[in-house]
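Here's the structure we're looking at; comments come further down.
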Amino acid sequence: MSAGFQPSLDFNAAATAAEDGEALIIDVDGYEGPLHVLLALARSQKVDLLQLSILKLADQYLAFVQDARHLRFSLAADYLVMAAWLAYLKSRLLLPKAEQPRPEEAPAEEIAARLAFRLAKLEAMREAAERLRTGPQLRREVFGRGDPQAIRIIPSNAFEGDLYALMSAYIGQRAKESQRSYRPAPPVAYPLEDARDRLRRLLPDMDRWTPLAGVAPAGTPTAGPSRASYVASTLSASLELVREGEMEARQLEAFADIYLRARKSEATA
Amino acid sequence: MSYPEHRFETTREIEALLFAAAGPLTEAEIVKRLPEGSDVVGALADLSLRYAGRGVVLAYVANAWRFQTADDLAWLMTQEREEPRRLSKAAQETLAIIAYHQPVTRAEIEAVRGVQASRGTLDVLLELRLVRMRGRRRSPGRPVTYGTTDSFLEHYGLSNLSDLPGMAEMKTAGLLSLDLPADFAVPDPNALALDEDPLEPDAPEFHVDFIGEDAAST
Amino acid sequence: MSYPEHRFETTREIEALLFAAAGPLTEAEIVKRLPEGSDVVGALADLSLRYAGRGVVLAYVANAWRFQTADDLAWLMTQEREEPRRLSKAAQETLAIIAYHQPVTRAEIEAVRGVQASRGTLDVLLELRLVRMRGRRRSPGRPVTYGTTDSFLEHYGLSNLSDLPGMAEMKTAGLLSLDLPADFAVPDPNALALDEDPLEPDAPEFHVDFIGEDAAST
């Protein structure tokens, strides 16, 4: 039981649960987490953080959580875990020391000192952040050359790029890939009616045997119906015209070229 | 404030203004930006003197003031500078896919990107020695597989391929969004590819070898 | 050529170079461009003195030299000021922790702050190139370690990491140790931590430099 109350572990409980999704951050009156609340409370004691009264701090925090829970029913687990841990620490600090401390439990004073140290550390980092923020910053307080003179540039084999850019590029595409659905483009066919009309128009000029390939439109390689579609539609149309007696078709053997010509019934007769 | 101190402040202010400005400033522009009553004309004269003969001089061009490097130092400015090349978006993306999916064929790269890889993209990566031909896939057509090079690792500061940030780090960096499919995985580029034949760097290809020998013997 | 005249020429040359440059130049870069045998160190010292207290001053940032406007003249520069991207409080704190504790893992950042790093904290810092992935900790899972970039130093006008404000006091107070014992020896963020694998074994500078260059050119 005591192991679970080590200060280094208690914050991870909610964190690991949220590991798969977005981090759950409940902003309780502008505090980002229990440690930030504790820090704000500790400051009100106006002593060196390392000399802090953990008992007082625990009381203040428990009161804070009570209040916050009153206002917001769904208080983040982190806050409650910290509350439970502080209550436990407080009880141990108040209890008379056992003659023989149980070996698996660190002395309460030591745990309290660690908490104080953690707060001091966080405080130091906040101060550091503040100092960085208020110090002179480029293009805010200090400015570089506004109009740098051109230096002739030669291309080189060095290139720009960092790991983050590489990872972003990768993820960007994988995300695109997962959203992409397969939409086959329906093939464009050469309409039979068009083929028939075209053949009829060509008919007066087709008094000699002409290969089918020469009759069918050549088409364009990039857009429109494919060459195969042109040939197939033209063949079908020509067969219709043959049936109607306007045209003749012949093929010498299987797979050989097909030849077409207009039927000149009157002329031959 | 005594007069000279005032004047000194004004020279400092003009100095900073002209330095940071994106282009030359006219006297009127300078006056407008300085505190009222500043002796701009006097300060400009002071500055002119202060910079005379230095590496940087105060110049009056087209009715405006600017700092410029001294004419006789032009040779310094034309020094060539090696500008690192910026990878195009396509190249960056192709590189990322090769890095994570190696060994990978051109067709596979295209499958992930959803567009045809232009010849130039792979060529640029090969030329920059970020990418190399690794081997051939044991599949019909025996397509060439691509992988990253040592200089890729060097550039990105990786000691080996297993250092390439994986899913955990992508999550940390906030790159993985939640709407990715559940089976989304990032491949381990370090895994041994079993269906790949080496290109055999020593004797690359019989054909090549043969020509080499032939040329040598004639 | 007499010695002082030679030295004067060198200050002129450096003056011109640094004035014209878009970003900071390292001593090595300056040396490379000047005639052989120039006393660059001495000339830089002369220039520092010459510009001290002026509207434009010589500054040493990210181990390189640049001219910049004096920070007390910020009020003049309203036109040049870019609306900077405001970092969230969480991002600022995270940046401070990374700066003072580097190399540091995400878990360690979270331990100091007592909350999980949320989306938009680390990735914003990475995207702004204030922070970079440095290496991997030699501990189970080999977590990635984070550190600051040259453009971080340039942005905050720090000559190097030991220049971070309050660093010495925090060190003596033991506040920079990632482990809890207060009497723990504090690692020097400049030195590679002993339990960290370099992302780049022999040339860690390259990566750093590179980012710097990148930032300067944008």
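Labels below follow one simple rule: chain letters A, B, ... track the order of the sequence lines, proteins then strands, and each chain is numbered from 1.
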Decide, yes or no, whether a salt bridge links C:Glu80 with B:Arg33 under the criterion of side-chain N to carboxylate O below 4.0 Å.
yes
Using modelled atom types only, decide if a donor and an acceptor are shared between the side chain of C:Arg136 and the backbone of B:Asp163 within a distance under 3.5 Å.
yes
Which is it for B:Tyr156 and C:Met133 under the side chain to side chain contact (heavy atoms under 4.5 Å, CB included) test, yes or no, and what are the steps along the way?
CA-CA 10 Å; B:Tyr156 284 97; C:Met133 295 176 183; over 6 Å; no
Heavy-atom contact with chain B under 4.5 Å, split by part of C:Gln68
backbone
Passes side chain to side chain contact (heavy atoms under 4.5 Å, CB included), C:Glu15 versus B:Leu73? Steps please.
CA-CA 10 Å; C:Glu15 204 174 27; B:Leu73 295 176; over 6 Å; no
Do C:Val56 and B:Arg12 touch side chain to side chain, with heavy atoms closer than 4.5 Å?
no
Which atoms of C:Leu76 come close to chain B, meaning under 4.5 Å heavy atom to heavy atom: side chain ones, backbone ones, both, or neither?
both
Between B:Ala70, B:Gly53, B:Pro165, B:Ala22, which residue shows the highest count of heavy-atom pairs closer than 4.5 Å to chain C?
B:Gly53
Is any side-chain heavy atom of B:Arg54 closer than 4.5 Å to one of C:Phe8?
yes
Taking C:Val57, C:Ile14, C:Asp72 one by one, which has the highest count of heavy-atom pairs under 4.5 Å against chain B?
C:Asp72
Please work out which of the three classes, parallel, tilted or perpendicular, describes the rings of B:Phe19 and C:Phe19, given edges at 30° and 60°.
perpendicular
Between C:Met77, C:Glu127, C:Gln79, which has the largest tally of heavy atom pairs under 4.5 Å with chain B?
C:Gln79
Does some side-chain heavy atom of B:Arg50 sit less than 4.5 Å from a side-chain heavy atom of C:Arg50?
yes
In terms of heavy-atom proximity below 4.5 Å to chain B, should C:Leu47 be classed as side chain, backbone, both, or neither?
side chain
Do you know the tightest heavy-atom contact between C:Thr69 and B:Ala16?
CG2-O, 3.7 Å
